[in-house]
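Naming convention: chains lettered A, B, ... in sequence-line order (proteins, then strands); numbering from 1 in each chain. No hydrogens, no waters, no symmetry mates; every other heavy atom, side chains included, goes into these values.
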Amino acid sequence: GAVVSQHPSRVICKSGTSVKIECRSLDFQATTMFWYRQFPKQSLMLMATSNEGSKATYEQGVEKDKFLINHASLTLSTLTVTSAHPEDSSFYICSARDHGAGPGYTFGSGTRLTVV
Amino acid sequence: AQRVTQPEKLLSVFKGAPVELKCNYSYSGSPELFWYVQYSRQRLQLLLRHISRESIKGFTADLNKGETSFHLKKPFAQEEDSAMYYCAPMNSGYSTLTFGKGTMLLVSP
């Protein structure tokens, strides 16, 4: 079945630095990928929709300059948390839909970001 | 505004007992509805979709448009069903999922 690979699974960074998270669709092409954020014991909140070859669509309240999204190829989307702060610490999850594999979305395994 | 409500944070039952995880939605248009499950230390995965009207791992979910509900049911819970369950409507026009807050199901032996 469709697989989405997300890397890294865990990252610790210092305040003020930037962190890049990669999301790859394996064995299928994804013109659209989605980035979610999940706080402890809370639900997934959609942050943005990543569109291959064009600008990402951000949800209300999500800072575009803070969370940079690049979707340069049909199999790779990246999320860069810029000038990270401790409040950015969270679990970030990407997903994509393989239209040829039936219904539903496939999710990455997530990235635990800790900003110290 | 689009909204999905899962009123129970935690549902604890004994093995063999019936289970119903509630989901109510408030959505414009005709959304597609999904249930996703996240087992411990695993990624989120699709459980079932209302259009398919299928039964997966013994779970079923019926869409009730009058009550705007999509409750997930299983007649006899198993210990391996213990997981976090998310109800997720999707606006077919935008193809984005909105997740409920989730219900943790704990099935005790």
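In this structure, CD on Gln38(A) lies 5.5 Å from CD on Gln38(B), to the nearest 0.5 angstrom.
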Report the C-alpha distance between Leu44(B) and Leu44(A) in whole Å, list the side-chain angles of each, state the deciding distance to 0.1 Å, and finish with yes or no for side chain to side chain contact (heavy atoms under 4.5 Å, CB included). CA-CA 10 Å; Leu44(B) 203 64; Leu44(A) 286 79; 3.9 Å; yes
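Under the 4.5 Å side-chain heavy-atom criterion for ILVMFWY residues, no single connected hydrophobic cluster contains both Leu33(B) and Val4(B). The cluster map of Ile, Leu, Val, Met, Phe, Trp and Tyr, joined by side-chain heavy atoms under 4.5 Å apart, puts Val19(A) and Met33(A) in different clusters. Using a 4.5 Å cut-off between side-chain heavy atoms of Ile, Leu, Val, Met, Phe, Trp and Tyr, with links allowed through other members, Ile93(A) and Ile21(A) fall into different hydrophobic clusters. Residues Leu72(B) and Tyr27(B) share a hydrophobic cluster, clusters being chains of Ile/Leu/Val/Met/Phe/Trp/Tyr side chains in contact below 4.5 Å. Side-chain heavy atoms closer than 4.5 Å link hydrophobic residues (I, L, V, M, F, W, Y) into clusters, and following such links, even through other members, never connects Ile12(A) to Tyr92(A).
Using a 4.5 Å cut-off between heavy atoms, Leu97(B) touches chain A through backbone and side chain atoms alike. In this structure, no portion of Gln42(B) lies under 4.5 Å from any heavy atom of chain A. Only the side chain of Leu46(A) comes within less than 4.5 Å of a heavy atom in chain B; its backbone stays farther off.
Between the side chain of Tyr36(B) and the backbone N or O of Tyr105(A), at least one donor-acceptor pair lies under 3.5 Å. Looking only at distances, no side-chain donor or acceptor of Arg43(B) sits under 3.5 Å from a matching main-chain atom of Thr106(A).
No more than 12 heavy atoms of other residues, nucleotides or ligands sit less than 6.0 Å from atom CZ of Phe76(B). Sparse packing is recorded around CG of Asp27(A), with 12 or fewer heavy atoms of other residues, nucleotides or ligands lying under 6.0 Å away. Atom CE of Met84(B) sits in a crowded spot, with more than 12 heavy atoms from other residues, nucleotides or ligands closer than 6.0 Å.
When the heavy atoms of residues 48-78 of chain A are compared with those of chain B, the residues falling under 4.5 Å are Thr49(A), listed by number.
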